Amino acid sequence: MPLPASAIPAPPQENETAEAVHENREMLALLARRRSTKVGHLIEPGPSDEQVNALLRLAARVPDHGKLGPWRFVIIAGEARARAGEALAGVIAKDERVDESRLATARGLLLRAPVCVMVVSSAAPHPKIPEWEQQLSSGAACYGLLLAAHAMGFAGCWLTEWPTYDARARAALNLKEHERIAGFVYLGTPSVQATERFRADLASRVSRF
Ligand SMILES: Cc1cc2nc3c(=O)[nH]c(=O)nc-3n(C[C@H](O)[C@H](O)[C@H](O)COP(=O)(O)O)c2cc1C
């Protein structure tokens, strides 16, 4: 059973002592065993509006050099999923090789899961903070959102897919020219249990300097 939004403790106020270190076996177990769920296996119920808002408060507590908040979250849930899909279909409608099947796929893209959060990187040139670091913060926000959703009892996956790399699609989803999509984080209840996937060999990727 997913946990209610009220299960999440209030965040500390600015300058209040934070529980910076918090030994937690369940958190370690989650990190050790968590898996994404295929978007096609995400069914109702998804997180409620209140749960999504609570998840975003956690996702936004992300390392962020310069405290710029170089990201924003766009919730695509309920009937907005069809509207977003329609906007994407409109983008490819006049393409040379478009056919009804591609249009239907675009229309249904956001309908594959109960809730989608589009994480937008609004990284921009800054006198002190490199854009690269701002973009990394967006990626961390995506993972934070996924982890928080898993800890709340929902399944999810982080996808980019073609709209991320199509300037027309980004405009149709109301992104500004300089903004980029860090990911579409789809959330719902798993219809099947995920199984473990291949993991990159760690030993060959760890060294000591
Ligand atoms: C930035 C980013 C973008 C991704 N985009 C896609 C995608 O478009 N399509 C896809 O099938 N998987 C994509 N993935 C991979 C899925 O998230 C994949 O299911 C996941 O990495 C599985 O790992 P996990 O079970 O450890 O979460 C992406 C991953 C990342 C980090």
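These figures come from a predicted structure and were not determined experimentally. When a ligand or atom number is given, it counts from 1 through the structure's own listing order.
- When heavy-atom distances to ligand 1 are checked against a 4.0 Å cut-off, Arg197 comes that close only through its side chain, counted from C-beta outward.
- In this structure, Arg199 has a heavy atom closer than 4.0 Å to ligand 1.
- When Leu159, Thr37, Val119 are ranked by how near their heavy atoms come to atom 10 (C) of ligand 1, first place goes to Leu159.
- Sorted by first and then second residue, the pairs that involve residues 198-209 and meet salt bridge (charged side-chain N to carboxylate O under 4.0 Å, His left out), not counting sequence neighbours, are Glu196-Arg199.
- Scanning the protein for heavy atoms near atom 16 (C) of ligand 1, the closest one is Trp158 O, 3.5 Å.
- For atom 27 (O) of ligand 1, the nearest protein heavy atom (residue, atom name, distance) is Ser36 OG, 2.4 Å.
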Discussion item. Before you tell me yes or no, could you show the steps for Glu161 and Phe184 under side chain to side chain contact (heavy atoms under 4.5 Å, CB included), namely the whole-Å CA-CA distance, both residues' side-chain angles and the distance that decides it to 0.1 Å?
Written reply: CA-CA 8 Å; Glu161 301 185 305; Phe184 295 91; 5.6 Å; no

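- Shown here is Glu50, whose CD atom has no more than 12 heavy atoms of other residues, nucleotides or ligands within 6.0 Å.
- For Arg180 (side chain) and Arg170 (main-chain N/O), no donor-acceptor pair under 3.5 Å exists by modelled atom type.
- Protein heavy atoms are found inside the 4.0 Å sphere centred on atom 20 (C) of ligand 1.
- Looking at Glu133 and Lys128, no side-chain N of the basic residue comes within less than 4.0 Å of a carboxylate O on the acidic one, giving no salt bridge.
- Here is the list of ligand 1 atoms found below 4.0 Å of a heavy atom in Arg34: 24 (P), 26 (O), 27 (O).
- Qualifying side chain to side chain contact (heavy atoms under 4.5 Å, CB included) partners for Leu136, counting only residues two or more places apart in sequence or in other chains: Trp132.
- Within ligand 1, counting atoms from 1 as listed, the ones closer than 4.0 Å to a heavy atom of Glu161 are 8 (O).
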